Structures are given as C-alpha cells and as structure tokens.
Amino acid sequence: MMHINLLKAEKKDVLILLEVQKLAFKPLYEIYHDEQSPYLHTTADMQARMDMPGSDCYKILLDETIVGVVRIVQHNPTRFQLVSVSILPEYQNRGIAQKAIALAESLYPEAQTWSLDFPIDRPMNKKCYENLGYRDTGRRERINERLTLAFYEKSVSMRA
C-alpha cells in the first residue's frame, strides 16, 4: 500500500524540487510551448516562490522518496489556491496527486474556498480535481494558440 506524506520544503530542497517540477512539466511544455510553464523556472524562480509571503511548498513523499511537489498560496484568511502540483512522470496516474492534494487541504482548516487552474484538454487532471470536489467555474484563459486554462473552485464547509 502506498504511504503518501507531505513535508514542508526548506531552502536546502530548492534544487531537488526544481528538478522534480521540470521533469513533471516537460511533457506539457512540449505540447503547449507556454512561456509561463513551471518547466522554464530557474533556481531563483523556485526560491522566490518558496519565499513569497502566504506561499507554502511541500515535498510529496511516497514512503521516503520525493515524487512530487505541491504549492499553496493563501490569498486571504479563508481563500487558498492550489498553484501547482508536480508529480514525477513515472509516478503519475497512481492517485498520488489526489492523495497529496487532500493532505495539503487538510493542513488549512481555516480554508473556505480553494481554487486551481489546469489545461482544459487534460481529462486526467479534470477527473482528479472533480473527485476532490472541485467544480468548473466556467472561466477560461487562453494562454496561446495551444493552451487554454480552465478554472475550478471548491467551497469547504467550516469544520467544527
């Protein structure tokens, strides 16, 4: 059985996290040629995102192995955004992202709204997010001739 855990990233993790992100996003960059792709981020970009106020970055561990990265941004006291989820290609389509997202959400009991975006033509992403309770807002953003993002949200009842 898979044991998925999240561990808060530290400054010393920046190179491994950048490498995981690049490996995870390279196939998407090759399809979409999106100049904002996480595949193109540098060490400085990754460090700046980790240092940004209201931003938390977590290593996704399968047993003791780093298999991904998840980044969360808090926009206000109750609104959070799942900014990116990166899973190494050899670990994709195993339910790891879904478990990691659920774990990440559980770390923020004050959250009332979660949001995210993803390429509209990625059915596995859509299925993963909908299984977690995210719903299509209807908002779309065309990035280039190959890439259009769909925006999803999830409302959370306040926990007792």
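All figures in this text were calculated on a predicted structure; none of them were measured in a lab.
The hydrophobic cluster containing Met52 does not contain Leu40, counting ILVMFWY residues as joined when their side-chain heavy atoms lie under 4.5 angstrom apart, directly or transitively. Note on Met2 and Leu88: same hydrophobic cluster, where clusters join Ile, Leu, Val, Met, Phe, Trp and Tyr whose side-chain heavy atoms are under 4.5 Å apart, directly or indirectly. Side-chain heavy atoms closer than 4.5 Å link hydrophobic residues (I, L, V, M, F, W, Y) into clusters, and following such links, possibly through other members, connects Leu103 to Ile87. Under the 4.5 Å side-chain contact rule for hydrophobic residues, Val85 and Ile66 share a cluster. In terms of hydrophobic clustering, with Ile, Leu, Val, Met, Phe, Trp and Tyr side chains grouped at heavy-atom distances under 4.5 Å, Ile16 and Phe25 are assigned to different clusters.
Smallest separation of non-hydrogen atoms from Leu132 and Ile101: CD1-CG2, 3.5 Å. Across all non-hydrogen atoms, the minimal contact from Gly68 to Val20 is CA-CG1, 3.6 Å. Listed here is the closest heavy atom pair of Ile143 and Asp34: CG2-OD1, 3.4 Å. When all heavy atoms are compared, the tightest approach of Ala111 to Trp114 is CB-NE1, 3.3 Å. Between Leu6 and Ala100, the closest heavy-atom pair is CD1-O, 3.7 Å. Across Ala104 and Ile72, no two heavy atoms sit closer than the pair CB-CD1, 3.6 Å.
The number of heavy-atom neighbours closer than 6.0 Å to CD of Glu64, taken from other residues, nucleotides and ligands shown, is 12 or below.
The shortest distance between side-chain heavy atoms of Arg122 and Ile31 falls below 4.5 Å. Looking at Ile4 and Leu62, their side chains come closer than 4.5 Å, going by heavy atoms from C-beta outward. Using a 4.5 Å cut-off on side-chain heavy atoms (C-beta onward), Arg49 and Val83 make no contact. Taking 4.5 Å as the limit, every side-chain heavy atom of Gln112 sits out of range of all side-chain heavy atoms of Arg79. Proximity of Leu147 to Ser37: side-chain heavy atoms (C-beta onward) are nowhere separated by under 4.5 Å. With a 4.5 Å cut-off on side-chain heavy atoms, Lys11 and Met50 do not count as touching. Side-chain contact check for Tyr58 versus Leu107: some heavy-atom pair is nearer than 4.5 Å. A heavy-atom distance below 4.5 Å is not found between the side chains of Asp117 and Glu141.
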For this session: Determine, stepwise, if the pair Ile60 / Tyr91 fulfils side chain to side chain contact (heavy atoms under 4.5 Å, CB included).
Result: CA-CA 11 Å; Ile60 302 170; Tyr91 292 97; over 6 Å; no

Problem set entry | Check against side chain to side chain contact (heavy atoms under 4.5 Å, CB included), Cys57 and Val69 | CA-CA 7 Å; Cys57 193; Val69 183; 3.5 Å; yes

For this session: Kindly indicate, with the supporting measurements, whether the criterion side chain to side chain contact (heavy atoms under 4.5 Å, CB included) is fulfilled by Glu105 and Lys154.
Result: CA-CA 11 Å; Glu105 290 174 352; Lys154 173 181 180 174; 2.7 Å; yes

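Sorted by first and then second residue, the side chain to side chain donor-acceptor pair (under 3.5 Å) pairs involving residues 19-28 (not counting sequence neighbours) are Gln21-His41. Identified under the ring pair (Phe, Tyr, Trp, His ring centres under 6.0 Å) test for residues 123-144, with sequence neighbours left out: Phe118-Tyr129.
For the atom pair Leu28 CG and Asn125 CG, the distance stands at 7.5 Å (nearest 0.5 Å). In this structure, CD on Gln98 lies 4.5 Å from SG on Cys128, to the nearest 0.5 angstrom. Within the model, atoms NZ of Lys126 and CE of Met124 stand 13.0 Å from one another, a figure rounded to the nearest 0.5 Å. For the atom pair CG (Leu17) and OG1 (Thr43), the distance works out to 11.0 Å, reported to the nearest 0.5 Å.
In terms of modelled atom types and a separation under 3.5 Å, the side chain of Asp13 and the main chain of Glu10 share a donor-acceptor contact. In this structure, the side chain of Gln81 does not engage the main chain of Val73 through any donor-acceptor pair within 3.5 Å. Within the 3.5 Å criterion, the main-chain N or O of Thr65 finds no donor-acceptor partner in the side chain of Asp63. Distance alone, capped at 3.5 Å, is enough to place a donor-acceptor pair between the Asn144 side chain and the Tyr32 backbone.
Under the 4.0 Å criterion applied to side-chain N and carboxylate O atoms, Arg139 and Glu153 are not assigned as salt-bridge partners.
By the ring pair (Phe, Tyr, Trp, His ring centres under 6.0 Å) test, Tyr29 is found to be paired with His33, Tyr39, residues two or more places apart in sequence or in another chain being considered.
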